[in-house]
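In what follows, chains are A, B, ... by sequence order, proteins preceding strands, each numbered from 1. Nothing here was measured: the structure is a model prediction, and the numbers come from that model.
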Amino acid sequence: MGTDRQKVLLIDGNSIVNRAFYALPPLTNSSGVHTNAVFGFTTMLLKVIEEEKPTHFLVAFDAGKVTFRHEGYAEYKGGRQKTPPELSEQFPLLKELIGAFSIQQFELPGYEADDIIGTLARMAEEQGQEAVIVSGDKDMLQLASDGVTVLLTRKGVSEVERYTPEEIANRYGLTPAQIVDLKGLMGDSSDNIPGIPGVGEKTALKLLADYGTVENVLDHQGEIKGKLGENVRNNADSARMSKKLATIFREVPMDWTWDKLAWSGYDPSQLEAGLRKLEFRSLIERLDLYAAGAGGAAEETEAVEYVAVLEDKDWEALNRDLRKADLFIVESHGDNPHQSEGIAIAVATPEQIYLLTYEQLLSQEASELKEWLADASKGKTGYDLHRAELVLARSGIELRGQEFDVQLAAYLLDPTEADPSLTGLLQRHGQRAIPSDEAIYGKGVKFKLPARDVLFSHLAAKADAVRRLAGPLAKELDETGMKTLYYELEQPLAGILAGMEKQGIRTKAEALEELGKEFQTGIDRMMTNIHRLAGMEFNIGSTRQLGEVLFDKLGLPSGRKTKTGYSTDAEVLERLAPYHEIVQLILNYRTLTKLQSTYIEGLLKEIRPEDGKIHTYFRQTIAATGRLSSQFPNLQNIPIRLEEGRQIRKAFVPSEEGWLILAADYSQIELRVLAHISGDEGLKEAFRNEMDIHTKTAMDVFGVTAEQVDSNMRRQAKAVNFGIVYGISDYGLSQNLNITRKEAGDFIEQYLSAFPGVRKYMDDIKEQARIDGYVTTLIGRRRYLPDIKASNFNIRSFAERTAMNTPIQGTAADIIKFAMVRMDEALKARGLRSRMLLQVHDELVFEVPPDELDTMKELVPAIMAEAVPLDVPLKAEVNVGLNWYEAK
DNA sequence: GAGATCACG
DNA sequence: ACGTACGTGATCTCC
């Protein structure tokens, strides 16, 4: 090691701590002091120490408010929000923590951390040593060189990006020295550096590509055409000053020598004491694990005995015990189960836990274990069996006999519970804790597989935890009347969803690309026009910049405000449209960029090259009402309302030649459910007579005959119906219909008088929620509403609306889930080749061979209509086409 | 990570 | 007097 180059790690303290503060959720210690920024800072330190293995170390801070930069420009860093007390109270803790790491810290009045770091990095270079800078501030890139690498935090502080001069050249086409020219031209709003108005990153990069430096741009200012040239000429001084402000001063007078920066690592016991004081228990746990064999980390968790399958005799024991096995855990890494990697597997009998690496599972020797997994007669308990099925399937391993899933059971017992992890479940059910996954693996990019024995013992603890939870959870399902819901609906559905996801839906990349080209033409044209009408270039996607252009520059009447500034959402813009032609362009631009980024680019990324299909992941344990959600990508929000977006659906096609897409959707399922659970005679009668429900509502609300209902009355009645389903309020309805609150209140009163059963339901359900603390759907799915008794009006009102809405939305979710289970049975029983592909809350999408078309057109709506018998008929409408667009 | 916005039912 | 419609997920910007 002696001849190795030494390496100094230089940390921009203020920048990192700020990022950490905003990136992490609030976190306080037992005395109420915030610690989130310190926590983030600590995890960052641990990560860079491990990855960079520095020999020298320093954390630099800004000192005080005024620096030499203010001498030339008093407004420097003006307009900044002052540091919130939740952050400033963390600085003493932070400095103490850095001390616990035995790391030196330094600040110097009149200079910023950047300048200190720049000076020390220069020193490292002069000594022929290496420097690594960690910051959240792009300005630091100017310091990069052969010997100086800059790590910029990306998301929060958990990820860093490594910038060498090559990387900067790749990304921006600039040398490190040109970073200050970039800032000089584009400015930096966060430091209140003006730059040249109308010049953003794109324009600045273009100018630098042509002229290289700010000075050279200014020397050739005469050549620059148009509005841009005018801006350059009028703001030459501003550009020069901005460049100067952005330039890091590398000659800070300080008496540090290279040797004085030396760091020989932290003292584990001193660090542990520091972390304990901050109450960062999870970090202590992690440190103990990293310190391989440091011992004494067990705390309250108890080691669980297990057999690591290593030798022949272990395989023999495992295979012999398989007939008694009833529980397993597949450990995998990654959020998307269609991509996540298997890590290891635990298999357990009531007496013994066996541990194998995922690699071992894939080996020939595990053939009996794979048979066990695929054996439907071997009932299995686990945690997130749906995910396990997908992970195993990618390795060609089948899973059958799913009997009990503690995650799914826990979701039914309390669907709003935020932490569905095993660790969280144990805590809520009064069971002995186990270390969290995060403590074992780290989080995000810090993910790291621990040594095998650490991994195995963690997995053994998880398997043991699942076993300890399974009994009590099953009992609770029984006690709360959710046994049928679990065993007849949710558990079977999990496998059906996995099947749909594995099947996937064929998606034509060319169709999306073609459409994307059209969208891009529109986007380019609109962007040019918007910039022209605004008289400057700006980022239309930035609500802040857009607000400034619209309200400050163009002087349009500003409407609603958000926490961060002017609101510019579609509702606000639509009101502004008559004042300036730019507004409509912005609305159209928004529509197209949304389609382009989310649906064209987003979906293209999700098409798997192996089969040309998109495989979504339906999440069964997320929505508080019992609905499914769809992720990676979300296929439940593919555009339909506007024709331009609807075109996207043409890309979704059958996966077999000559087959067709069949889509069936429930007609007015939520209002039919309302008719059933409220028992309102008028509403029930309307559905029994197959009336148009919005027309019927209009008749009763406006007191007219069917013939007298015009389209406007029907539109308003439709909004009333939506309002009823959402848990009506006069304010909400008035917003939606753009009428006064009084008028909206009158509509609601009319409605409730016309449908007295609904009024009674709305009153009763709120009362029920107050008495029981929860509401239920038709088949007993629960949602707890603790806020129903809140003294705060807003919070309480929200809970009341939820009480009114959840039984309706939730029962509709129950119904379509039952239909899916019945549908799956019917397809199998009849030996049909048709496949169920998607569920979109009230719609099921299939791909169907032509010879089954007639059968399916009958079967699907029949099963959907009969899924759950109500006091009113349920109706499903079927459409067929060559793609999802045509199946309308 | 949070907030704003917008896509769906 | 209070000031929101119910339920999701993806993308982008900003600190």
What integer distance in Å separates Y566(A):OH from dT13(C):C1'?
18 Å
Which of R544(A), R590(A), Q545(A) passes side chain to side chain donor-acceptor pair (under 3.5 Å) with T568(A)? Answer is R590(A)
Determine the minimum heavy-atom distance between I640(A) and R646(A), stating which atoms define it.
O-CD, 3.5 Å
Roughly how far apart, to the nearest Å, are dG3(C) and dA7(B) at atom C1'?
26 Å
Please measure how far the P atom in dA4(B) lies from the corresponding atom in dT4(C), and state the result in whole Å.
12 Å
Taking atom CZ of F722(A) as the centre, does the number of heavy atoms from other residues, nucleotides or ligands within less than 6.0 Å exceed 12?
no
Does any pair with a residue in residues 733-743 of chain A pass side-chain hydrogen bond (donor to acceptor under 3.5 Å, both in side chains), and if so which ones, sequence neighbours excluded?
T740(A)-E743(A), K742(A)-D746(A)
Within the structure, does a side-chain N or O atom of Q545(A) lie under 4.0 Å from either OP1 or OP2 of dC14(C)?
yes
Nucleotide by nucleotide, 5' to 3', does protein get under 4.0 Å of the base (B), only the sugar-phosphate (S), or neither (-) in nucleotides 2-7 of chain C, counting heavy atoms?
BBBBBB
Ring centres under 6.0 Å, that's the criterion: do H386(A) and F618(A) meet it?
no
Quickly work out the E606(A) CD to dA7(B) C1' distance and round it to whole Å.
16 Å
Of the listed nucleotides (dT5(B), dT8(C), dT11(C)), which one gets closest to any side-chain atom of S629(A)?
dT8(C)
Is the phosphate of dC8(B) approached by R641(A) (side-chain N or O, under 4.0 Å from OP1 or OP2)?
yes
Short side-chain N/O contact from T591(A) to OP1 or OP2 of dC6(B), under 4.0 Å:
no
Can you tell which of dT13(C), dA4(B), dT11(C) lies closest to the side chain of N539(A)?
dT13(C)
Looking at dT5(B), I'd like to know if its phosphate oxygens (OP1 or OP2) sit under 4.0 Å from a side-chain N or O belonging to T568(A).
yes
Gap between atoms CG and P, on L592(A) and dC6(B) respectively (whole Å):
13 Å
Does the Lys NZ or Arg CZ of K875(A) fall within the cation-pi geometry relative to Y666(A) - under 6.0 Å from the ring centre and within 45° of the axis?
no
Does the pair K594(A)/E644(A) count as a salt bridge with the N-to-O cut at 4.0 Å?
no
Using whole Å, what does the distance between atom C1' of nucleotide dG9(B) and atom CG of L671(A) come to?
13 Å
Please report the distance, rounded to the nearest Å, between CG in D335(A) and C1' in dG9(C).
13 Å
Spacing of F618(A) atom CZ relative to dG9(B) atom C1', expressed in whole Å
13 Å
Which part of the nucleic acid does I638(A) contact within heavy-atom distance under 4.0 Å: base, sugar-phosphate only, or nothing?
sugar-phosphate
Output the rounded distance in Å from CG (L550(A)) to P (dA4(B)).
17 Å
Can N721(A) and T697(A) be said to form a side-chain hydrogen bond (donor to acceptor under 3.5 Å, both in side chains), step by step?
CA-CA 8 Å; N721(A) 278 329; T697(A) 304; 2.9 Å; yes
Please tell me if K594(A) has a side-chain N or O lying less than 4.0 Å from either OP1 or OP2 of dC6(B).
no
L642(A) has an atom CG; how far is it from atom C1' of dC8(B), in whole Å?
12 Å
Looking only at heavy atoms, which two atoms of A37(A) and Q90(A) are closest? And how far apart?
N-OE1, 2.9 Å
Classify S567(A) by what it touches in the nucleic acid, base, sugar-phosphate, or nothing, heavy-atom distance under 4.0 Å.
sugar-phosphate
Pull out every stem in DNA chain C, meaning runs of 3 or more consecutive Watson-Crick or G-U wobble pairs with both distances under 3.5 Å.
B:1-9 with C:6-14
For dG3(B) and dA5(C), measure between their P atoms and round to the nearest Å.
15 Å
Check whether any side-chain nitrogen or oxygen of R544(A) sits under 4.0 Å from OP1 or OP2 of dC14(C), and answer yes or no.
no
For A570(A), answer base if it contacts any base atom (sugar-phosphate contacts may also be present), sugar-phosphate if it contacts only those atoms, and nothing otherwise; contact means non-hydrogen atoms under 4.0 Å.
sugar-phosphate
Indicate whether any N or O donor in one side chain lies under 3.5 Å from an N or O acceptor in the other, for D335(A) and Y617(A).
no
Select base, sugar-phosphate, or nothing to describe what L595(A) touches, counting heavy atoms under 4.0 Å on all strands.
nothing
So V845(A) and F652(A), side-chain contact (heavy atoms from CB on, under 4.5 Å) or not? Walk me through it.
CA-CA 11 Å; V845(A) 180; F652(A) 293 90; over 6 Å; no
